[in-house]
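Worksheet for the structure shown next.
Everything numeric here is computed off the predicted structure, so don't read it as measured data.
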Amino acid sequence: MNDKKLDYEISRLNNNQRKAVIHENGPLFVVAGAGTGKTKTLTTRIAYLIEKMNVDPNRILGVTFTNKAAKEIRHRVNDLIYPNQMGAWLYTFHAFGLRVLRENAVNLNLGYKNDFTVIDEDDALAIIRDIIKKQNIDAKKYPPRMIKNFISNEKTFIRNIDDEVVRDVYDRYKLELIKEQLMDFDDLIVYTNKLFKENLLVRTKYQTLFTHILIDEFQDTDKVQYEIIKLLNNENTFVVGDPDQSIYAFRGARYENNQLFVKEFGAEVIVLDENYRSTNNILKAANKLIKNNNSRTTDKNLVSSFGDGVPIVVHLASDDFDEVRTVTNEIINLTSHKYNYEDIAVLYRNNHLSRLFEHSFMQTQIPYIIYGGISFYERKEVKDILAYLKVVVDTNSNFYLKRIINTPTRGIGNVTINKLEEYANFNNMSMFDAIDYVKFSAKTANSLKEFKNIINELKEKIEETKELVNIIDVLFVGSGYYEFLKEETDDKAKERKENIMELKNVFRQGDWNYEGNNIEKIKQILDELALYTDHDKDNQDLNVVKLATVHQVKGLEFKVVFVVALEDGLFPSDRSYMDPFELEEERRIFYVAITRAKERLYVTNTQRRMVYGQIKNNIPSVFLREIKNDEEKILPKKYSRETINKNTSSDDFKSGDIVVHDSFGKGVVVEVKDDIITIAFNVEYGIKKLLKNHPSIKKEI
DNA sequence: GCTTATAACGTTTTT
DNA sequence: CGTTATAAGC
């Protein structure tokens with residue numbers, strides 16, 4: 001049907017892209033430099049396989065690293081051949097693992113059933129904390145976070161645990177998860193690997209199911225993921241990646257996978273180095289920089305047909321305030337001529353460097369967002385409501401029961417919970433059922449009975465509810481959360497209510513996206529939510545300046561990029577000096593930063609900077625020398641926009657007011673402090689601090 | 001159980 | 001310096 005569109009798309013590819021797309025048989029590694037049409041090549045190939053080679057979509061596996069990327073790939077393939085790709089397996093590694101384990105977890109023979117629950121990092125940490133407490137382990141000597149890291153490292157083959165105490169916690173953690181039918185994020189990958197490795201039947205099933213496997217961002221795969229790919233033993237394994245953009249070593253990404261794949265699979269290599277993003281001045285700097293890495297597998301020299309463009313700008317500021325002021329000035333200059341706020345990104349090596357910029361942008365009324373922060377699904381109230389739902393769906397879940405049995409407070413303390421847990425463990429029943437057997441004081445017994453009634457009533461109501469969206473209201477009121485928050489009038493309570501209401505959107509969509517009865521639909525929604533993170537939301541189109549770490553903007557592009565704080569010890573980070581490999585990783589991070597820029601690149605550093613309350617003299621980053629071409633300096637200027645329309649809006653805000661923002665839409669005022677107001681917008685934008693007299697906000701009448 | 005003083009600490013973090 | 005985790009106090 002859409003053949004013409006696909007034909008047109010293929011005709012527009014360059015030679016190497018086309019070669020990759022129509023590649024017939026055998027493993028292929030597409031080494032795709034930044035901005036060389038990596039995703040386009042991958043999606044066009046999927047469309048080509050289905051449409052031209054008559055490959056059954058159900059037998060194609062496409063794996064990426066973020067939900068956002070998976071969605072994007074589905075969307076783009078969809079655009080080329082709708083609706084034939086519907087059955088294709090287009091997932092993140094974790095979502096793929098989840099799907100496999102949902103069908104086969106029982107075959108692990110570890111005691112897992114196929115309907116286990118996925119827990120997030122916070123939950124995993126809570127379980128470890130609990131074990132540490134119960135085993136009387138000194139949390140100072142063994143911080144839970146460290147133990148979690150050790151466990152994760154052993155699971156993903158990074159490093160084995162060599163401490164007996166940590167080993168003991170790990171063993172108990174593993175048993176606890178199985179007992180509670182829980183899996184953490186690592187487990188989704190690790191158990192999938194185990195399953196494929198140890199179970200011939202399951203392995204063969206997936207080996208024969210997939211005729212084609214495609215992997216995106218291959219340079220970020222870790223050891224376990226590589227093993228999974230190897231175990232699937234597919235002769236049409238097609239991987240796309242850029243070794244020069246491998247920046248997740250600290251999470252286990254293995255640079256050597258790139259070479260291993262070529263060697264062990266005997267893969268053909270196609271290099272894409274025609275860049276469709278940046279001017280050549282920017283690319284020259286990038287090429288020059290990355291040549292300093294000795295461990296490169298494939299030499300690429302990015303070239304575009306966009307001409308040289310303007311020279312990159314390297315600026316040395318006297319101190320951190322001067323740096324911020326210079327960048328702010330330049331943004332004001334740029335936006336009063338050719339550029340919009342959305343065209344601009346300020347990138348840094350680590351999060352805390354955002355602070356001064358945030359402050360300055362607020363003062364000068366430059367709209368911005370900061371990437372990262374607390375995720376919507378990590379918020380306490382959201383997790384609480386979902387925990388109620390999980391207990392309702394499965395009363396055997398002691399883990400979630402413990403979370404909510406006294407939330408909101410109903411006089412059930414730790415002593416009661418421990419007694420229940422002990423009895424339940426001893427008699428091999430759930431804590432929920434144990435409520436009927438353990439003797440408590442009249443008051444406690446009453447509270448427990450009340451809790452049990454709440455769960456039972458919620459269950460009845462949820463089963464009867466016609467539309468899923470109403471379930472959130474049922475939970476909110478039925479759990480007592482509503483009553484609890486009603487008493488509180490402060491801004492936090494208001495924010496919590498809003499967040500809970502925001503959950504409705506997710507359930508509204510679940511109603512038509514999923515099939516089955518309510519409980520079945522809920523289980524599918526919970527699966528999706530378990531793997532969803534804040535990074536999946538699309539901030540790209542907001543007309544605001546983006547403040548982000550380099551890691552957070554991988555894969556994105558901006559017309560103008562400022563890379564700041566290019567100083568020795570910050571970028572490269574001082575932890576990377578010892579190890580030449582780590583210094584190369586830092587260089588790749590800077591390479592990623594540079595290659596985000598399409599038209600203008602600014603690199604700044606300062607002589608003096610306040611670090612942890614002390615002024616430090618910094619020397620310029622070694623990377624600056626390495627990119628040196630033509631450079632110019634920004635001449636510091638006064639703010640060209642006379643501290644912008646002072647008091648243009650005379651609105652007087654108070655908490656609870658509904659306001660409308662040009663970019664963020666409707667929001668509720670949460671706090672007013674001097675001339676700064678805090679506004680809660682829709683979840684996708686979150687909580688923002690803005691100047692009261694900013695022209696972009698208006699009170700809704 | 002919840003709020004306030006003090007200490008401790010301080011890369012990147014796709015799921 | 002600013003934030004967050006922990007402990008002591010109400």
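Taking the ring axis of A/F116 as reference, the NZ or CZ atom of A/R102 stays within 45° of it and closer than 6.0 Å to the ring centre. Because its NZ or CZ atom is both nearer than 6.0 Å to the ring centre of A/Y170 and within 45° of the ring axis, A/K174 counts as a cation-pi partner of that residue.
Close to B/dT11, at under 4.0 Å from its OP1 or OP2, lies no side-chain N or O of A/N351. Using a 4.0 Å cut-off, no side-chain N or O of A/Q552 falls inside it from OP1 or OP2 of B/dT14. The phosphate of B/dT13 has OP1 or OP2 within less than 4.0 Å of a side-chain N or O from A/T549. Side-chain nitrogen and oxygen atoms of A/N67 include none within less than 4.0 Å of the OP1 or OP2 phosphate oxygen of B/dT14.
One finds a salt bridge joining A/E121 and A/K148 here, because a Lys/Arg side-chain nitrogen approaches an Asp/Glu carboxylate oxygen to under 4.0 Å. A salt bridge does not link A/E358 to A/R355: none of the charged nitrogens lies less than 4.0 Å from a carboxylate oxygen.
Going from the P atom of C/dT3 to that of B/dT12 covers 15 Å, rounded to whole Å. Taking the C1' atoms as reference points, C/dT6 lies 24 Å from B/dT11, given to the whole Å.
Near DNA chain B, defined here as any heavy-atom distance below 4.0 Å, there are no residues from residues 30-41 of chain A. Sorted by residue number, the members of residues 607-617 of chain A with any non-hydrogen atom under 4.0 Å from DNA chain C read A/Y612, A/G613.
For A/R349 against B/dT12, a side-chain-to-base donor-acceptor contact under 3.5 Å is present.
For DNA chain C, the contact window with chain A, defined by any atom under 4.0 Å from a protein heavy atom, covers C/dC1 to C/dG2 in 5' to 3' order.
Checking A/T409 against A/S573, the closest nucleotide of DNA chain B that is more toward the 5' end is the one next to A/T409. Of the two residues contacting DNA chain B, namely A/E586 and A/A95, the nearest-nucleotide position lying further toward the 5' end is that of A/E586.
No aromatic stack links A/F250 and the base of B/dT11, using centre distance under 5.5 Å and interplanar angle under 30°.
Across B/dT11, B/dT14, B/dT15, the shortest atom-to-atom separation from the side chain of A/H352 is found for B/dT11.
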